[in-house]
Amino acid sequence: MLALGITFLEVTVLNYLLYGEVEAKSYLDPVLLTLLTMPWVLYFISELIRRLERSREHLTQVIEQLEALRKQDKASALNLRHNIQQLNYEIEERKRAELQREEAIRLLKQQIEERQKTQQNLIEQSILLRSCFDCSPDIIYYRDENGRFSGCNRSFEELTGKTEQEMIGLTPWDVYSEEIAEKVVASDREVLATNASLSYDMWLTYPDGSKKLFLIKKVPFFNNEGKRIGLLGFGRDIMEKQKAQEALEKASRDKTAFISTISHELRTPLNGIVGISRILKDSKLTKEQHNYVNTIFACAVTLGNIFNDIIDLDKIERKKLAINYEPVELSGFVFELNSVASLMAEQKSLEFSFHSNVPEGTWVQADTTRLRQVLWNLLANAVKFTLNGEVQFNVECHIRNTFVWVDFEVIDSGIGIPEQELENIFTMYYQVDRKEVRAGTGTGIGLAISKILVDEMGGQIEVYSEMNEGSTFSVSLKLDLIEAPESATTESSVNGLSILLVEDVELNIVVANSILKKLGHSVVVARTGQQAIDAFSVGKFDVVLLDIQLPDMTGFDVLKHWQQSKVTLPPVVALTANVIKTKEEYLEKGMVDVIAKPIKIENVHKVFNRLFANQENQVIEATAARSEANADFAVLDVDFLEQMLDTIGYDQLEQNLQLFEKLIAEYMEILDSVLCAKDQDEIGKQAHKIKGAAASMGLQHIQTIANLIQITESPAWWENLDDRVEQLKHACEHDLVVLKQWMETL
């Protein structure tokens with residue numbers, strides 16, 4: 001219908017256009033043609049459409065497939081790109097991993113090299129540390145928590161006589177003696193209980209018997225985690241320090257002995273000068289002679305006081321200074337000082353004035369020796385440093401109920417002291433540096449000792465001075481008042497005594513004899529200890545005045561002899577110039593009293609009045625004191641050596657001598673070590689070894705000295721030990737030379 005309609009329309013239009021008109025027959029052919037052709041056209045078109053539809057559907061399917069394939073390709077491409085990226089990433093990662101592996105290998109090689117170097121360094125450091133430990137003179141060891149040794153150095157091996165491998169696993173009980181092990185274990189417990197270091201001194205014994213003093217230090221030992229795994233021990237040999245200390249102590253003892261000796265040797269002539277000058281002062285002399293005697297007396301007293309300063313300096317250094325209070329009549333004491341000081345001032349043509357308000361009969365408790373020493377220093381300095389002018393000595397006394405305040409004041413118009421030096425005036429060894437007096441400034445210890453003495457007496461010493469205007473020294477003391485002693489008289493109520501005077505110095509004999517005979521006593525003189533023993537008989541003497549230092553023995557030896565005779569002794573009074581000992585030391589030996597030299601009449605009065613005023617004889621009880629006889633032994637036992645020579649021959653004897661020289665050196669070294677350790681038993685054992693070795697070589701002198709050292713129970717063994725060891729050392733050197741000389745004569 002559509003085709004027919006289109007045909008009719010086409011025919012109409014064409015005819016109208018062509019012919020201007022439309023005829024019916026004009027429609028017939030086109031209609032018939034349309035009717036004939038249209039079905040086929042329609043069929044063809046429909047078939048074409050069907051085919052086209054099928055093609056379209058097929059194409060659609062293909063397109064869909066292609067789309068699917070495209071999507072699949074796209075997905076594959078995406079996946080491929082992802083895979084490629086992943087592969088590239090993996091490649092990069094593998095490259096990076098390869099680089100890292102190479103770097104790691106390089107670092108590993110480097111670490112291995114460094115570790116090898118470190119290990120080598122550790123080995124070298126370990127070897128070095130071990131070498132240091134082994135080369136160290138200090139002992140080093142370490143023990144575990146159970147107290148067993150885990151290691152040590154070579155010094156400790158030498159101490160114990162065991163190697164380090166032998167030491168491992170042992171306890172202190174397996175290594176030390178029981179006594180030392182107890183101390184070691186106790187100190188270990190203290191270190192482990194407190195987790196703190198501990199230091200102490202300990203004597204340790206070597207396998208050869210020698211001893212050394214060690215400063216032991218123990219510390220707890222912890223690992224990296226802070227857990228304690230044991231303790232470390234260090235020990236430093238301080239024998240040299242100990243020997244130095246012993247040497248200092250011995251030097252101090254030697255110095256004290258020297259001062260003790262010099263106190264006798266110097267005071268003996270000094271006491272004679274003082275005594276003789278006192279006797280001469282009481283004699284009928286011309287004025288000029290009196291001046292000479294006064295000068296001698298003043299100089300002797302000055303020298304005596306300087307010597308007292310030196311003695312007190314030694315006592316101060318040894319902390320042995322003691323203040324000994326005794327009754328003294330203060331007025332007489334002050335006037336005695338005045339008389340001596342005025343003599344000194346007179347020698348320099350100085351004016352001297354004295355003022356004292358001390359009532360006569362004022363008795364106090366004071367150390368007159370120390371107080372006199374202080375005031376004499378002040379008075380002597382005042383005279384010394386005053387070139388012209390005057391010196392004043394003033395004493396103010398303020399009496400209270402039971403005590404008295406005494407102010408001593410020494411004023412001079414001398415050179416004075418610079419203000420900046422006043423604080424140093426009481427310093428030890430301080431001396432005035434002034435051209436006017438430089439030549440005679442003295443020892444520089446007088447004022448320092450004076451201050452120490454005043455402080456010890458509970459007083460106070462002060463100084464005020466101006467340059468070229470003079471100085472004022474004042475001493476204030478509080479002294480206890482006492483009643484006058486019954487025997488305190490200036491005159492003796494005792495006379496007619498029979499006295500045994502034991503004294504070896506002729507000058508002292510003259511002084512003492514003159515004083516005693518002047519007092520109405522009879523005197524028998526003995527100049528040695530043996531003469532005293534021979535002259536003594538029971539009932540013959542009323543009193544014995546016994547000097548301590550005699551040519552052949554000491555006064556203590558003489559007294560010991562009398563005491564051992566079991567006889568009733570008269571009072572024995574010590575005569576001594578030794579200011580080192582105290583009075584109590586003489587009383588402990590059995591003396592009843594002491595008279596110091598130079599002998600003063602008032603001291604003799606005091607002692608005799610105390611002993612005989614009531615006609616009571618004193619009986620002295622014996623005290624234990626060992627007198628060691630100094631027998632003179634031959635150096636060599638020649639008979640024994642000749643027997644040895646006949647038995648073993650000269651060559652063997654010479655070999656024995658060489659062996660003895662080697663052994664005696666070792667024995668003496670060990671003796672020194674145990675001597676420092678003050679191990680009495682070991683000292684005795686070592687002396688026994690030396691004695692036996694000396695006996696085998698006929699060295700009788702060495703044998704005798706070693707035997708004295710060996711007998712450790714003997715009285716005063718410790719006191720005599722140092723001297724005997726010194727004798728032994730000297731004998732070992734000397735007697736070996738003598739033995740070699742004897743052998744050379746064979």
Side-chain angles (χ1 to χ4, degrees), residues 122-192 197-223 228-243 659 662-663 665-679 681-686 688-689:
L122 287 175
I123 293 173
E124 292 175 356
Q125 289 177 5
S126 176
I127 295 173
L128 178 61
L129 184 61
R130 181 68 196 187
S131 299
C132 291
F133 279 179
D134 286 339
C135 293
S136 172
D138 298 339
I139 60 173
I140 304 172
Y141 61 87
Y142 37 101
R143 292 199 288 271
D144 59 22
E145 282 281 278
N146 299 320
R148 296 185 179 276
F149 285 95
S150 300
C152 65
N153 69 340
R154 190 165 298 167
S155 295
F156 196 73
E157 291 178 344
E158 294 174 357
L159 172 66
T160 59
K162 300 178 185 295
T163 65
E164 183 180 26
Q165 293 300 320
E166 293 173 339
M167 290 284 297
I168 294 176
L170 299 181
T171 66
W173 301 99
D174 303 321
V175 177
Y176 304 114
S177 65
E178 182 177 353
E179 180 182 0
I180 296 177
E182 288 180 357
K183 297 179 181 178
V184 170
V185 171
S187 61
D188 285 356
R189 290 172 182 166
E190 184 175 349
V191 171
L192 297 177
S197 62
L198 177 67
S199 299
Y200 59 92
D201 294 347
M202 173 174 282
W203 286 96
L204 297 176
T205 306
Y206 280 80
D208 62 359
S210 63
K211 287 179 175 287
K212 282 190 177 181
L213 182 63
F214 287 90
L215 173 61
I216 304 295
K217 184 176 181 64
K218 295 182 178 179
V219 294
F221 184 54
F222 301 89
N223 61 13
R228 190 183 65 207
I229 58 177
L231 62 82
L232 293 173
F234 306 89
R236 172 153 296 179
D237 181 3
I238 55 174
M239 278 294 292
E240 293 301 322
K241 176 183 175 183
Q242 182 70 12
K243 288 180 179 179
L659 177 61
K662 179 181 178 182
L663 289 176
E666 296 176 359
Y667 290 163
M668 292 303 297
E669 184 177 355
I670 296 174
L671 180 62
D672 279 339
S673 69
V674 295
L675 182 64
C676 287
K678 297 190 182 298
D679 190 333
D681 293 336
E682 287 298 326
I683 293 172
K685 291 178 183 178
Q686 203 61 31
H688 179 73
K689 290 182 182 179

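The basis for the numbers below is simple: all heavy atoms, side chains too, and nothing from hydrogens, waters or symmetry mates. All residue numbers refer to positions in the sequence shown, counting from 1.
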#### Entry: Non-hydrogen side-chain atoms of Glu178 and Trp173 separated by less than 4.5 Å
yes
### Query
Parallel under 30°, tilted from 30 to 60°, perpendicular over 60°: which one fits the rings of Phe156 and Tyr176?
perpendicular
### Test log, rule side-chain contact (heavy atoms from CB on, under 4.5 Å), inputs Lys689 and Leu663
CA-CA 10 Å; Lys689 290 182 182 179; Leu663 289 176; over 6 Å; no
#### Entry: Atom pair CZ/OG of Arg236 and Ser155 - distance to nearest 0.5 Å
11.0 Å
#### Entry: N/O donor-acceptor pair under 3.5 Å between Glu157 side chain and Thr163 backbone
no
### Task
Identify the two heavy atoms, one from Tyr206 and one from Glu158, that lie closest to each other, and give their separation to 0.1 Å.
CD2-O, 3.6 Å
### Task
Kindly compute the distance separating CZ (Phe234) from OG (Ser199), expressed to the nearest 0.5 Å.
10.5 Å
### Query
Once you round to the nearest 0.5 Å, how far does OH of Tyr141 lie from NZ of Lys218?
4.0 Å
#### Entry: Over all atoms of both residues, closest heavy-atom pair of Ile670 and Asp208
CD1-O, 3.4 Å
### Query
Is a donor on one side and an acceptor on the other found under 3.5 Å between the side chain of Asn146 and the backbone of Arg148?
no
### Task
Taking all non-hydrogen atoms of both residues into account, name the closest pair between Glu145 and Leu192 and its distance.
OE2-CD2, 3.9 Å
## Note on the structure
Output for pair (Tyr200 OH, Ile216 CD1), nearest 0.5 Å, gives 5.5 Å
### Message
What's the separation between atom CG in Leu159 and atom CG in Leu204, rounded to the nearest 0.5 Å?
### Response
5.5 Å
#### Entry: Considering all heavy atoms, the nearest Ala181-Pro172 contact
CB-O, 3.7 Å
#### Entry: Minimum heavy-atom distance between Ser197 and Pro220, given as atom pair plus value
N-CD, 4.2 Å
### Message
I'd like to know whether NZ of Lys162 has more than 12 heavy-atom contacts from other residues, nucleotides or ligands below 6.0 angstrom.
### Response
no
### Query
Do other residues, nucleotides or ligands put more than 12 heavy atoms under 6.0 Å from the CZ atom of Arg189?
no
### Task
Would you mind reporting whether Trp203 and Leu213 have side-chain heavy atoms less than 4.5 Å apart?
yes
### Message
Closer than 3.5 angstrom, by distance alone: can the side chain of Asp174 be matched with the main-chain N or O of Thr171 as a donor-acceptor pair?
### Response
yes
### Query
Atom CD1 in Ile140, atom CZ in Arg154: separation rounded to 0.5 Å?
12.5 Å
### Query
Quick one: does Arg143's side chain have a donor or acceptor within less than 3.5 Å of a partner on Gly233's backbone?
no
### Message
For Thr205 and Glu682: C-alpha separation, side-chain torsions, deciding distance, then whether side-chain contact (heavy atoms from CB on, under 4.5 Å) applies.
### Response
CA-CA 10 Å; Thr205 306; Glu682 287 298 326; 6.0 Å; no
### Task
Decide yes or no for Glu166 and Thr160: does some side-chain heavy atom of the first lie under 4.5 Å from some side-chain heavy atom of the second?
no
### Task
Mind listing the closest non-hydrogen atom pair of Gly151 and Glu164 along with its distance?
CA-OE2, 3.3 Å
#### Entry: Asp237 vs Asp138, side-chain contact (heavy atoms from CB on, under 4.5 Å): CA-CA, chis, key distance, verdict
CA-CA 7 Å; Asp237 181 3; Asp138 298 339; 5.7 Å; no
### Query
So do the side chains of Val184 and Met202 get within less than 4.5 Å of each other, counting heavy atoms only?
yes
